[in-house]
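Okay, structure first, notes after.
Quick note: numbers below take in every heavy atom, side chains included, and nothing from hydrogens, waters or symmetry partners. In this chain, numbering begins with 1 at the start of the sequence shown.
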Amino acid sequence: MPAIINRKLGNIVIEDSVIANIAGISAMESYGIVGMASKNAADGIFELLRFENLSKGIVVNTEENEISIELHVILEYGVKISTVGENIIERVKFNIENLTGLEVDNIEVLVEGIRLK
């Protein structure tokens, strides 16, 4: 369900896919993240997504302009998972709120794998 911003002269509608793209690009700016993960339904195996498909590893839920985001990520081996997760949350929240004017209610970072260099 898209987010709707009501203004005096009309409404601004922001689709969930736009929010997912902003979240994906923001997450990729964080140190220690290799990429977003997408689950292969047939095999149950997670695959690393290319840059142009980042939003497939992100679930956005917008209800009454409250945004919840779920990011499925693959991290680099040797990084502190909790620190990278916190950095991703802070960066995604900051960028979405600044670019859209909407408030982010919840962000979950699900680490689906670790990749060796």
(message) Would a single hydrophobic cluster contain both Ile69 and Ile5, if residues Ile, Leu, Val, Met, Phe, Trp and Tyr are joined by side-chain heavy-atom contacts under 4.5 Å?
(response) yes

(message) Are more than 12 heavy atoms, taken from residues, nucleotides or ligands other than Glu29, located less than 6.0 Å from that residue's CD atom?
(response) yes

(message) Just so I know, are the side chains of Met36 and Val73 near enough to count as touching, which here means a heavy-atom distance under 4.5 Å?
(response) yes

(message) I need the Thr62 OG1 to Glu15 CD distance, nearest 0.5 Å.
(response) 9.0 Å

(request) Tell me whether Ile22 is reachable from Ile4 by hopping between hydrophobic residues (I, L, V, M, F, W, Y) whose side-chain heavy atoms are closer than 4.5 Å. (result) no

(request) Please check if Val59 and Ile25 belong to a single hydrophobic cluster, counting links between Ile, Leu, Val, Met, Phe, Trp and Tyr side chain heavy atoms closer than 4.5 Å. (result) no

(request) Kindly determine whether Glu103 and Glu97 satisfy side chain to side chain contact (heavy atoms under 4.5 Å, CB included), including the steps that lead there. (result) CA-CA 6 Å; Glu103 187 175 327; Glu97 290 182 348; 3.8 Å; yes

(message) If the test is side-chain contact (heavy atoms from CB on, under 4.5 Å), which one of Arg91, Glu90, Lys93 qualifies with Ile107?
(response) Lys93

(message) With no hydrogens and no angle check, just 3.5 Å: does a side-chain donor-acceptor pair link Asn87 and Ser30?
(response) no

(message) To check you understand the geometry: which heavy-atom pair defines the closest contact between Val79 and Tyr31, and what is its length?
(response) CG1-CE2, 4.0 Å

(message) Please give me the minimum heavy-atom distance between Val109 and Gly85, naming the atom from each residue.
(response) CG2-O, 4.0 Å

(request) Find the distance between CG (Asp16) and CG (Asn21) and round it off to the nearest 0.5 Å. (result) 11.0 Å

(message) Check for me, please, whether Ile33 and Ile81 land in the same ILVMFWY cluster - side-chain distances under 4.5 Å, paths through other members count.
(response) yes

(message) Tell me which one of Ile96, Ile89, Asn95 satisfies side-chain contact (heavy atoms from CB on, under 4.5 Å) with Val92.
(response) Ile96

(message) What's the separation between atom OH in Tyr77 and atom CG in Leu116, rounded to the nearest 0.5 Å?
(response) 7.5 Å

(request) Measure the spacing between CD1 of Ile19 and OG of Ser68 and express it to the nearest 0.5 Å. (result) 10.5 Å

(request) May I ask whether Phe94 and Val18 are part of the same hydrophobic cluster, defined by side-chain heavy atoms of I, L, V, M, F, W, Y residues being less than 4.5 angstrom apart, directly or through others? (result) no

(request) Give the minimum heavy-atom separation between Leu71 and Ala27, together with the two atoms involved. (result) CD2-CB, 4.4 Å

